[in-house]
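Written below as structure tokens is the structure these notes are about.
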Amino acid sequence: MKNFRASRFIVIAGIIIISLGSILAGGNSLVMAQDEDPPAPEDGSELVVPVGDEYLFTNLGFGESTLIGPYDSAFFGFGLPPDWVLSPGSKLNLDLALFLEDGRDPTLQEQKDFFAGTLEVSYNGAVIDTILLNANGEQSYEISIPEAALESPNDDNRQTLFFFLVSEGDCTYDRQTSLVIRQTSSLVLPHQTIVPDIDLTKLPLPIFQTASIMPDQAVLVVPDQPTEAELQAAFAVSAGFGRLSGGNLQLSLTTVSQLDPVVRDNSHLIFVGKGAGLPLLGQVALPAPLGGTEFSASGAQADDGIVQMANSPWNQSKAVLVVSGNSDLAVVKAGQALSSGSIFSGDPGNIALVSGIQPAEVAYSTAANRTFTDLGYEDIVITRVGVIRESFNFYIPPGQVVTGNASLELHFSHSSILNYERSGLVVDINGDLIGSVRFSDDTAQDNTQRFRIPASSVLPGNNVLNIRADLIPVDVCSSLLLNNLWMSIRADSILRIPLSTAGPSDQARIIDLEVYPELLQLSPAEDSFVFVIPQSDVNAWNMASSIAFNLGDELSWSIAEHQVVYVNNLSPEIRQQRDLVLIGRPSSLPLIGELNGVLPGSFSGDELSSQPMQVNFRVPPGGSVGYLELVDSPFGTDHAILAVLGNNDQ
């Protein structure tokens, strides 16, 4: 089940049993031992905590990179916290290992006086050093980063490191140069802390910075006794940040009274709800301040959602984002607007009023024929040797299915100095291969290739078209620096995907945990799923928020339109007309009792009373076990129930 992240797991459909410290498996079930300690890096090395202003490459997510002569390069990118400004004195501590093998002289590795080539080092596009490579084995360099190079050319302040190896002697002599950039290399980045810019149009900044060297964390804060609408808005916000951060923001949910002062002082805070349940906001200098129990926003109607942001009074380097309104309807509007990831704000840019939300099937109609230009892309020219991937995103509205002949008409051209036996392109959609081309003189100039797209490869929501090009020159020693090696993908390429409204037969459910989370996206907006949760279980709310965050990341919702219902308020209409996601202890969800005999595993209290496995296991006293169960809904046709349960909060 690719979308449930864990340190180790096995996947089988039906029921999943998650156990701390024990592994239970068999029959129609999955069992996963869950570690309490954070997982070690995949390469087996120990986690190293940054000391002072020094950050090891391994902490920045960079593994070792090997460059092979005569020409090769490596690129590294990372983000800085929004409240950082780099100071003079920054430097790169570079650990290298050079291996030069010469067929004419086996003793070369023992010699000290030879010339293998150069390594050009650039920071934010500016060359900061050119290293002469003249010694085999391990070597270290300290390279100062000029103050002028610290200014990032990127809008999001992302920093870049680029290494370019030139070893032209490999072309003239019988030798091979290999240069390893060690992950023990580090960057020393002295900095000052500033008050970050507060601008709703730049979200997810300052709450999340892509690939930041410091983990970004935020806390959702809801009233102590939230309404279903307030939790619906909170989960929509979770889904929005799941998508905006690519699942990389550390986000949790708590209530006003349970907000730890230490967490409050050291985290970005996202308050969701009406003002009456969020008295702490009286301490925040908001553009629409909280006066008593309501927000005073100039020009706002009674049911307008209010999204606003300010610097935290508890830590000026952090932000307070408020997703609210003066009614439940207004709060839901604000939450759904935030989930879209696009906030329109006037002057000042730290407040937005939301008058309405259009249903997804109305707001996101799509043309059958769309060029790459229509999708927001320009011509792309690739000038690098090796394997290069370019990705293009396109959206399919929920409730729409592919009809007729879907296809990609790709317009491209490429250099004629490529090695045609080793160069070409491969196209896939959402990981499903749809075709390939081997380059030749016939494909070099203004070529058009048509690829058929199977209907099964196109999913509701965000889809990704990947074009992978392999560019290998006829002569590896040809001058790559003169851009003789290239391929272009033209923006007038056409994606043809005719759509129609799905009928019942088009939405047949495959009740298998393997199809999570896509299972929850098969229905159009009016039949979207419902979170069913206990009314007084903050832990269950936090778990539901985490699931919404994961779904936002995996499904790339345009707007999060799911509903939230307290289990005691679950109406017959919702049972029959919605997919249900039940979250909490079985004893806190009376509906579980009705589903005993339908679910693969039945419960007595919080404990599993029947196990659908050939081998049954007894949970030791005090053992923590989680369960995932998925079944056809017994209440309504073509709907499913996903149960996320546990025998205790842990």
For [Y], does its backbone N or O pair with a side-chain atom of [X] as donor and acceptor, under 3.5 Å?
{"X": "S339", "Y": "I559", "value": "no"}
{"X": "T373", "Y": "A491", "value": "yes"}
{"X": "D374", "Y": "T371", "value": "yes"}
{"X": "S152", "Y": "R158", "value": "yes"}
{"X": "Q159", "Y": "L80", "value": "no"}
{"X": "R452", "Y": "N405", "value": "no"}
{"X": "S545", "Y": "W541", "value": "no"}
{"X": "S633", "Y": "I641", "value": "no"}

Reported [atom1]-to-[atom2] distance for the pair [X] and [Y], which is rounded to 0.5 angstrom:
{"X": "D72", "Y": "S65", "atom1": "CG", "atom2": "OG", "result": "7.5 Å"}
{"X": "I547", "Y": "N550", "atom1": "CD1", "atom2": "CG", "result": "8.0 Å"}
{"X": "L570", "Y": "L589", "atom1": "CG", "atom2": "CG", "result": "10.5 Å"}
{"X": "I357", "Y": "S340", "atom1": "CD1", "atom2": "OG", "result": "7.0 Å"}
{"X": "H414", "Y": "L471", "atom1": "NE2", "atom2": "CG", "result": "9.5 Å"}
{"X": "L580", "Y": "R575", "atom1": "CG", "atom2": "CZ", "result": "8.5 Å"}

Quick one: does [X]'s side chain get under 4.5 Å of [Y]'s, heavy atoms only?
{"X": "L582", "Y": "L595", "answer": "yes"}
{"X": "L375", "Y": "N393", "answer": "no"}
{"X": "D446", "Y": "R490", "answer": "yes"}
{"X": "L642", "Y": "D579", "answer": "no"}
{"X": "L410", "Y": "I489", "answer": "yes"}
{"X": "L179", "Y": "F163", "answer": "no"}
{"X": "V458", "Y": "L499", "answer": "no"}
{"X": "I382", "Y": "I380", "answer": "yes"}

Quick one: sort the [X] and [Y] rings into parallel, tilted or perpendicular, breaks at 30° and 60°.
{"X": "F372", "Y": "Y377", "answer": "perpendicular"}
{"X": "F531", "Y": "F529", "answer": "perpendicular"}
{"X": "F57", "Y": "F76", "answer": "tilted"}

| said: Name the residue from V426, I388, L425 that meets the side chain to side chain contact (heavy atoms under 4.5 Å, CB included) definition with R468. | reply: V426
| message | Applying the side-chain hydrogen bond (donor to acceptor under 3.5 Å, both in side chains) criterion to S457, which one of N430, D432, N463 satisfies it? | response | D432
With sequence neighbours excluded, residues passing side chain to side chain contact (heavy atoms under 4.5 Å, CB included) with [X]:
{"X": "Q563", "value": "Q232, V530, V565, I574, R578"}
{"X": "S245", "value": "F208, L249, F549"}
{"X": "N466", "value": "R389, S391, D428, V464"}

Heavy-atom pair with the smallest gap, counting every atom of [X] and [Y]:
{"X": "P498", "Y": "A368", "value": "CA-CB, 4.0 Å"}
{"X": "V631", "Y": "V598", "value": "CG1-O, 3.6 Å"}
{"X": "L485", "Y": "I417", "value": "N-CD1, 4.3 Å"}
{"X": "A444", "Y": "Y420", "value": "CB-OH, 4.5 Å"}
{"X": "E629", "Y": "L599", "value": "OE1-CB, 3.3 Å"}
{"X": "M487", "Y": "F412", "value": "CE-CB, 4.1 Å"}

| said: How about CZ on F75, more than 12 heavy atoms from neighbouring residues, nucleotides or ligands closer than 6.0 Å, or not? | reply: yes
| query | Taking it one step at a time, do V427 and L465 satisfy side-chain contact (heavy atoms from CB on, under 4.5 Å)? | reply | CA-CA 7 Å; V427 182; L465 166 68; 3.5 Å; yes
| message | As a quick check of understanding, evaluate side-chain contact (heavy atoms from CB on, under 4.5 Å) for V401 and S500, giving each step before the final call. | response | CA-CA 6 Å; V401 294; S500 66; 4.0 Å; yes
| said: Would I270 and F241 count as a side-chain contact (heavy atoms from CB on, under 4.5 Å) here? Give the steps. | reply: CA-CA 11 Å; I270 306 172; F241 275 99; 3.7 Å; yes
| said: Please determine whether side-chain contact (heavy atoms from CB on, under 4.5 Å) holds for the pair L251 and S238, giving the CA-CA distance in whole Å, both sets of side-chain angles, and the decisive distance to 0.1 Å. | reply: CA-CA 8 Å; L251 183 66; S238 290; 3.8 Å; yes
